Each structure stands twice: as C-alpha cells, then as structure tokens.
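The structure follows.
Remember, it's a predicted structure, so these values are computed and weren't measured experimentally.
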Amino acid sequence: GALSSMVLFNIYRTKLSGSLPEALSGMTNTEYFNAHESGLTGTIPSSFALMINMNGFEVQSNYLTGTIPPVFTTMLNLNYLYLDSNAFTGRLESMYPSVEFLRINNNFLTGPLVIPTTSNNNLFTGTVPTSIIHFNVLQVINIGSNYFTGQLPTTLNQLSRLIVLVLSSNKLTGNLYNLTSDYTFNNHLVTLDISDNAFVGTLPGVLFNTTSLETFVAVKNCFSGSLSDTICHAQSLQLLDISGLTAGLDCALNYNILHALNFYTVDYVPGDIPSCIYSLPNLTSFYCSGNGIKTSFSGVTINQVSKLTLSYNRIEGSIPDSVAQSVYLEQIDISYNRIGGDLDSLTIGIDIDTSTDIDIYVDTPSISTSVRENISISLNSNYFSGEIPAYLSNSSLDAVDILEGNMFQCLSVMSLPQNDPNAHKYSCGSKQLDGWLYCAYCFVGVILCTWMFLHSKNSSSSSSSSSSSSS
C-alpha cells in the first residue's frame, strides 16, 4: 500500500498526542522516521522491527515510556537513532554497533552501560565496559551525570573516529593514562570533559600532544602534581578549564564541628601556571580557580582570551597591561588572591574609537569611548588601592565586584560603583583601617586604665598595712 512505499515520514513538532500506531510498521521501505517533539506517549511497538530499511529514527523530546525494545537490531542500515529526552526506564539490553549517531540521554535507564554513546543524565551504574571497542564508528560518547565507577578501559583510546568524549559527574577513578596508548593520544578528539570525578595522578602531557583538541575540562578531581607546559602543545585549545584539580569530594578532607559547622579542605596545586597558556593562539576561555597556586601575575601576556577566571589562588603581583587593557576580555575574575597596585590603566570593557581628525591648528587624534554591555569584573579580596576608574560605575556593565577586601580611595559612598554588591557598606580609603585602629586604641586604653586602677589600689592597700604595723 501507500505506507510500504513511503520513504520519508516526518511529523516533526506537529504537537500530536497519543501513542505510535502499530500500523506504521507497514512502512517497510521507509528510510527516515522523524517524530521529534510531537507530544507522543506510550511505548515503541515491537512490530517496528519490520522497518528494516530505516536509516534514521528520531523520537526525541516526547513522553515515551517503558523499556527500549530490541526492534532496532533488525535495522541493519540504521545510522541515526535519537531516543533522548523521554521517560524510558529499565535496562538497555541491545547493542547497535552500526549506529554512528545514537542519543539516549535524559531518560531513566538503569543497569550497566551496553551502548557507550550519548547516554548522559540517566541512572547507569557499573564500569565503562571494555567492549566499547566494538563501537568504533562512534564519533560522540557522552556518559556524563550517571553513577559509573572504576577505571577507564584501555580500549577507549582505540576509537579512532571519536571526536567528543564526556565522562563528567560520575565516580570514575584511576589515572588518565588509560586514555593513551603507547604514549599517543587520539589525534581526532575535539572535546574531552572529565570533570567531577575522582581521577588521580598527574595530567598526562600526552593528552595535549594533539592538533585537534579544542575543549578540555577537568574540574573537581583528585589530581596531584604541578601543571606542565606541555598543555601549550595543544595549539587549537579554545576552552581550558582546570579549576579545582584537587577539590573532588572523594579526596577533600571534611570537617564537622559540633554538627553545626561543616567545611572541607583541599591540597594546593604546587608550582605555577605556565605562562604560555595565556598566549595560546586560539584560547578564548581559561578557568583555573580554586587551586591555591602560588605564582606571579606580573608580566603575563594574554592573546585573545575573553573569559579569564583565576580566583581562589595565591597569585601575587599587579595586573599586567595586556590584561588590564585587553580589548577581548568580557569576563575576568581574579578575586581571592594577593594581587595589588592601582587600577589606573584598567580599560576592560571600554571600546576606544580613535580617528585622526586633522585640525588646522592642532594635529592630534580625537578619542571617543563607550562601555560595552555584558562585561563582568571581579577583583575583590586582593590588595588593590588608589582611585576607582569612573567607568566601573556605568550601569551597562553586567557585574562589578571590586570593593570587598580592597582599600580604594573615594570621596563618598555615592561615588562608588553602585552595581557593586558591597557599595552600601564599604569604608573609603583608610577609614576601615582607622576604625580598627580606634578599636585597638580603645582596647589598649581600657587595659591601661584597668592596670593603673588596680596598681593604685594595691599601693593604697600596701600603705595602709605599713601604717598599721608602725602603730
């Protein structure tokens, strides 16, 4: 009939309701089935196994339930299978080695991982299987936000077509050398996210001996050792996030005082931040906060970084001109460090339009400035002083947090950046220090007065005793 000759079936975003009819299984010659975001409920009929010529099957973003049936194993030409963002449950029993693009994320699937693909945000457990090698056609593996444990299989590095590997938010352990083979690394990988696990050891330098890696994220793990300048071998890096390298919950020391105060401590990352990172030719986002690294900020040269976060370290020195006057920076957070000096040269977020207007009397360039929107500047809890650049009070700035923990000069509270969260309680210049000094003077005065009073009282008592003895 008409169904058996249909090649393309598309009801994408038609906002239908109800379940998938059994009659659709008669589309035995259909190559592409698209029911993405169509309000479907119920289960996938087992009779769909008759649709053997299927190349692409999309039912993502619906309300489908039940287990994922083995109907897709009969579709030998299946290349695209999108089942994500539904309410599928149970274990995944079938394997689909011919499928190159497979998405089963955002469901409620449980049990061990059978298909290492885009399966993030489920309830999978167990280890990452060594059988992953059978899926050598996969280009994307995302198993983030599950409950996987154990070490990574060495076969993972043998997936030569893999370009995206996301392992974040699990309980994976061991070192990262299983991602390498004979000291080589997948030269096709573009994205690697291993954040929020319990990986240990050092970051293998071989991970960065690649010309393809653009995104590397390793936040909140249990690494040790210093940062190597081999990171700079990855010349294509665009986003580098190495924040909290030792801050994984599995390695942090937790303290609970009287069941009321709960906090944890982590180890500092030794060494410094390799200066070559800042000037990587393609790097636009660099995050290295929460590592306690002791290094100098002076002399750093950044290239085209637009997002820079170095908070919660022990960085010293002053803001280098390449940072303070960067035309690329949109977000900078260097709070909770030991950086000092003034902000006289700070022009982050200012567009300067310089055009030479030749005047008959004066041949000088005329300069106009404007403050860009969506600029975020956080410098709090450092050693900054001096005057505050007037442009930081501009309401166009997305966020300004520079006052707390610094000692700026100002005429009044109203002259402070009103978009700073501490503007209403900030003490200008040395007033805050003066307040502490006054308190200290008063405390010393009270101690001295008390001592003099007691001393005079003891002297009076001694004199009375002597007089009584003479009598």
query = For Y32, which residues count as a side chain to side chain donor-acceptor pair (under 3.5 Å) partner, sequence neighbours excluded?
reply = E58
request  = Could you grab the distance from atom CD1 of I302 to atom OG of S279, nearest 0.5 Å is fine?
outcome  = 10.0 Å
request  = Answer yes or no: is there a side-chain heavy-atom contact under 4.5 Å between I44 and I68?
outcome  = no
key: Any residue meeting side chain to side chain donor-acceptor pair (under 3.5 Å) with D84, in chain and number order, not counting sequence neighbours   = R103
note = Applying side-chain contact (heavy atoms from CB on, under 4.5 Å) to T14 and not counting sequence neighbours gives I11, L16, S38
ask   = Which residues pass the side chain to side chain donor-acceptor pair (under 3.5 Å) test with D420, sequence neighbours left out?
value = none
key: Pairwise ring pair (Phe, Tyr, Trp, His ring centres under 6.0 Å) hits with a residue in residues 100-122, at least two apart   = Y80-F101
key: Any donor-acceptor N/O pair, N55 side chain to E31 backbone, under 3.5 Å   = no
inquiry  = Determine whether a donor-acceptor pair (N or O, by modelled atom type, separation under 3.5 Å) exists between the side chain of N422 and the backbone of L403.
reply    = no
Test item: N10 side-chain N/O and Y12 main-chain N/O as donor-acceptor pair under 3.5 Å = yes
Where F297 and I319 come nearest, the two heavy atoms and their spacing = CD2-CA, 4.1 Å
key: Qualifying residues under side chain to side chain donor-acceptor pair (under 3.5 Å), relative to N105, sequence neighbours excluded   = none
request  = Sequence neighbours left out, what passes side-chain contact (heavy atoms from CB on, under 4.5 Å) with T149? Give chain and number order.
outcome  = T127, K171
Throw together a table of side-chain donor-acceptor distances under 3.5 angstrom for residues 324-332, partners on residues two or more places apart or in other chains.
from: S326; atom 1: OG; to: Y328; atom 2: N; distance (Å): 3.1
from: S326; atom 1: OG; to: L329; atom 2: N; distance (Å): 3.2

query = Taking the side chain from N29 and the backbone from V7, do they hold a donor-acceptor pair closer than 3.5 Å?
reply = no
request  = Identify, with sequence neighbours excluded, every residue that meets side-chain contact (heavy atoms from CB on, under 4.5 Å) alongside D193.
outcome  = V166, S168, S195, V217
inquiry  = Aromatic contact between F72 and F48, with the criterion being ring centroids under 6.0 Å apart: yes or no?
reply    = no
P270: side-chain contact (heavy atoms from CB on, under 4.5 Å) partners, not counting sequence neighbours = S226
task = Look at the rings of F208 and F216 and say which category their plane angle falls in: under 30° parallel, 30 to 60° tilted, over 60° perpendicular.
result = perpendicular
ask   = Under 3.5 Å, side chain of N337 to main-chain N/O of I315, donor-acceptor pair present?
value = yes
message = For a side chain to side chain donor-acceptor pair (under 3.5 Å) check, start with the C-alpha distance between S212 and T210, then their side-chain angles and the critical distance, and finish with the verdict.
response = CA-CA 6 Å; S212 61; T210 171; 3.0 Å; yes
remark   = salt bridge (charged side-chain N to carboxylate O under 4.0 Å, His left out) filter on E404, not counting sequence neighbours, yields none
By salt bridge (charged side-chain N to carboxylate O under 4.0 Å, His left out) - contacts of R161 (at least two apart) = E100
ask   = Between S47 and E22, does a side chain to side chain donor-acceptor pair (under 3.5 Å) hold up when you go through it step by step?
value = CA-CA 7 Å; S47 59; E22 291 269 358; 2.5 Å; yes
query = Is there a donor-acceptor pair under 3.5 Å between the side chain of N313 and the backbone N or O of C288?
reply = yes
ask   = Is the side chain of N303 donor-acceptor paired with the backbone N or O of V305 at a distance under 3.5 Å, no angle test?
value = no
message = Angle between ring planes, Y278 versus F286, binned at 30° and 60°: parallel, tilted or perpendicular?
response = perpendicular
